[in-house]
K.L.:
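Before anything else, here's the structure in question.
To find a chain, count down the sequence lines: A is the first, B the second, and so on, and within it residues start at 1.
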Amino acid sequence: MTLGLTHFLVLSTLLFCLGLFAMLTRRNAVAILMGVELMLNAANINLVAFNKYVAPGALNGQVFALVVITLAACEAGVGLALVMSAYRNLETVHVDEINVMKW
Amino acid sequence: MGQLAAFIILSVVTLVSAVVVVASQNIVRSALSLIPTLLGIAGVYILLQAEYVAGIQVLIYAGAITVLILFVIMLTEHGTGARFRQVNEQVLPGTIAVAVLAALLMAVFFGTAWPRAAGTLPQYTATSIGTTFLTSAILVFIVTSFVLLVALMGAIVIARRER
């Protein structure tokens, strides 16, 4: 049994599902952002694995993975700034208590 | 065979620490456990002949984003957050939904015969990545740099204390 594409797809599926579980069940906004990071990493593993095993002629998968890493850094910066702002105004980072816009 | 063993070790490291990230009651432990997860993924990239992506993963994810997350935890949670309830009421529906999604994806992945295009990856990928970014992916490159600039300014504006 040699290392193939399916191994990497299974790993990324498990990582994605763990990240989704964190997003669905965590109350802390920072923990939800960590779940998003896990999901983005799972997508990146898929991109790089497909680049190697399906289309090895060009490097578009790795280029896309680099773009996703950059945008993940942007997302983390803006998301954590929003968490700081919410904490300053509402004294909480728990997303089920941030409900001032709820009627 | 050696590659398969390396993959299994890296997967176990990645998934075990990812479970700690998702399930730990202590939010600082969760953030610190993100580091072995991301380093394990960097190892997986090296197995996939993507050394440059692995280096960037270590620099940006394991280096910068984790430190940023730890800073925000220290500034907001007053320590570990162990005094607060960390999960909401959706644990059971969330578990069911995630398990169904995982089963579906696995069924698709095991049932599909992936085609394989001709060609091989270059021996050392950083040069080719740079060439791709500056020729066929130049628009992506420029738009990404604008998004970085806008996100930088947006983060400063949002996080600045109003007076």
K.L.:
Less than 4.5 Å to any heavy atom of chain B: does that hold for the side chain of A/I45, its backbone, both, or neither?
P.N.:
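Looking at A/I45, backbone and side chain both touch chain B.
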K.L.:
Does any backbone or side-chain atom of B/T66 lie under 4.5 Å from a heavy atom of chain A? Answer side chain, backbone, both or neither.
P.N.:
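No part of B/T66 comes within 4.5 Å of chain A.
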K.L.:
Between A/L5, A/L33, A/N60, A/I69, which residue shows the highest count of heavy-atom pairs closer than 4.5 Å to chain B?
P.N.:
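Ranked by contacts with chain B, first place is A/I69.
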K.L.:
Is A/Y87 reaching over with its side chain to a backbone N or O of B/T76, donor-acceptor style, under 3.5 angstrom?
P.N.:
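Answer holds: yes.
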K.L.:
Quick check on B/I65 against chain A: is it the side chain, the backbone, both or neither that has a heavy atom closer than 4.5 Å?
P.N.:
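Side chain only.
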K.L.:
Chain A heavy atoms under 4.5 Å from B/S11: which part of the residue, side chain, backbone, both or neither?
P.N.:
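Both the backbone and the side chain of B/S11 come within 4.5 Å of chain A.
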K.L.:
Are B/L148 and B/I156 connected into the same hydrophobic cluster when the rule is that any two of I, L, V, M, F, W, Y join if their side-chain heavy atoms are below 4.5 Å apart?
P.N.:
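B/I156 does not cluster with B/L148.
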K.L.:
Heavy-atom distance under 4.5 Å to chain A: side chain of B/V19, backbone, both or neither?
P.N.:
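The answer is both parts of B/V19.
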K.L.:
Determine the option with the most heavy-atom pairs under 4.5 angstrom with chain A, choosing from B/T125, B/V140, B/L34.
P.N.:
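Among the listed options, the one with the most contacts to chain A is B/T125.
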K.L.:
Out of curiosity, does A/F64 fall in the hydrophobic cluster containing B/F146 (side-chain heavy atoms, cut-off under 4.5 Å, transitive links)?
P.N.:
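Yes, because B/F146 and A/F64 connect within a single hydrophobic cluster, where side-chain heavy atoms sit under 4.5 Å apart.
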K.L.:
Side chain, backbone, both or neither: which part of A/L9 has a non-hydrogen atom closer than 4.5 Å to chain B?
P.N.:
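Answer is both: backbone and side chain atoms of A/L9 are under 4.5 Å from chain B.
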K.L.:
Would you say B/Q57's side chain and B/L38's backbone share a donor-acceptor pair under 3.5 angstrom?
P.N.:
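Checking the backbone N and O of B/L38 against the side chain of B/Q57, a donor-acceptor pair under 3.5 Å is found.
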K.L.:
In terms of hydrophobic clustering (I, L, V, M, F, W, Y; side-chain heavy atoms under 4.5 Å; direct or indirect links), are B/V28 and B/V21 co-clustered?
P.N.:
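Yes.
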K.L.:
At a 4.5 Å cut-off on heavy atoms, which part of B/P122 comes close to chain A: side chain, backbone, both, or neither?
P.N.:
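Interface part for B/P122: side chain.
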K.L.:
Between A/L38 and chain B, with a heavy-atom cut-off of 4.5 Å, which part of the residue counts as in contact: side chain, backbone, both or neither?
P.N.:
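Just the side chain, heavy atoms under 4.5 Å.
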K.L.:
Specify which of A/N41, A/L24, A/T92 makes the most heavy-atom pairs with chain B at under 4.5 Å.
P.N.:
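When all of A/N41, A/L24, A/T92 are compared, A/N41 has the most.
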K.L.:
Could you check which of B/A137, B/S128, B/G154 has the highest count of heavy-atom pairs closer than 4.5 Å to chain A?
P.N.:
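Winner by heavy-atom pair count: B/S128.
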K.L.:
Less than 4.5 Å to any heavy atom of chain B: does that hold for the side chain of A/A72, its backbone, both, or neither?
P.N.:
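Answer is both: backbone and side chain atoms of A/A72 are under 4.5 Å from chain B.
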K.L.:
What part of B/L10 lies closer than 4.5 angstrom to a heavy atom of chain A: side chain, backbone, both or neither?
P.N.:
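Nothing of B/L10, per the 4.5 Å heavy-atom cut-off to chain A.
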K.L.:
Which atoms of A/L71 are under 4.5 Å from chain B, going by heavy atoms: the side chain, the backbone, both sets, or neither?
P.N.:
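The answer is the side chain of A/L71.
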K.L.:
Determine whether a donor-acceptor pair (N or O, by modelled atom type, separation under 3.5 Å) exists between the side chain of A/R88 and the backbone of B/A159.
P.N.:
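Checking the backbone N and O of B/A159 against the side chain of A/R88, a donor-acceptor pair under 3.5 Å is found.
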K.L.:
Looking at A/N51 and A/L47, would you say the former's side chain and the latter's main chain have a donor-acceptor pair under 3.5 Å?
P.N.:
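Side chain of A/N51 to backbone of A/L47: no pair is present.
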K.L.:
Top residue by heavy-atom pair count (under 4.5 Å) with chain A, among B/A31, B/A99, B/A64?
P.N.:
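Of the candidates given, the most pairs with chain A belong to B/A31.
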K.L.:
Given a strict heavy-atom distance threshold of 4.5 Å, which part of A/L66 is in contact with chain B: side chain, backbone, both, or neither?
P.N.:
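For A/L66, the side chain is the part near chain B, not the backbone.
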K.L.:
Sort A/N44 into side chain, backbone, both or neither according to what part of it lies under 4.5 angstrom from a heavy atom of chain B.
P.N.:
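Looking at A/N44, backbone and side chain both touch chain B.
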K.L.:
Honestly curious: do A/V10 and B/I41 fall in one hydrophobic cluster under the side-chain, below-4.5 Å linking rule?
P.N.:
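Per the 4.5 Å side-chain linkage, A/V10 and B/I41 are co-clustered.
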K.L.:
Is there a donor-acceptor pair closer than 3.5 Å between any side-chain N or O of A/R26 and the backbone N or O of B/V22?
P.N.:
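Indeed, once roles are kept as given, a pair shorter than 3.5 Å links the two residues.
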K.L.:
Would you mind checking which part of B/L68 comes under 4.5 Å of any heavy atom in chain A, side chain (CB onward), backbone (N, CA, C, O), both or neither?
P.N.:
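B/L68 touches chain A through backbone and side-chain heavy atoms alike.
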K.L.:
Aromatic ring centroids of A/F8 and B/F7 under 6.0 Å?
P.N.:
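Yes, close enough.
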K.L.:
Treat each ILVMFWY residue as a node, draw an edge where side-chain heavy atoms are under 4.5 Å apart, and state whether B/W114 and A/Y53 are in one component.
P.N.:
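B/W114 and A/Y53: one cluster.
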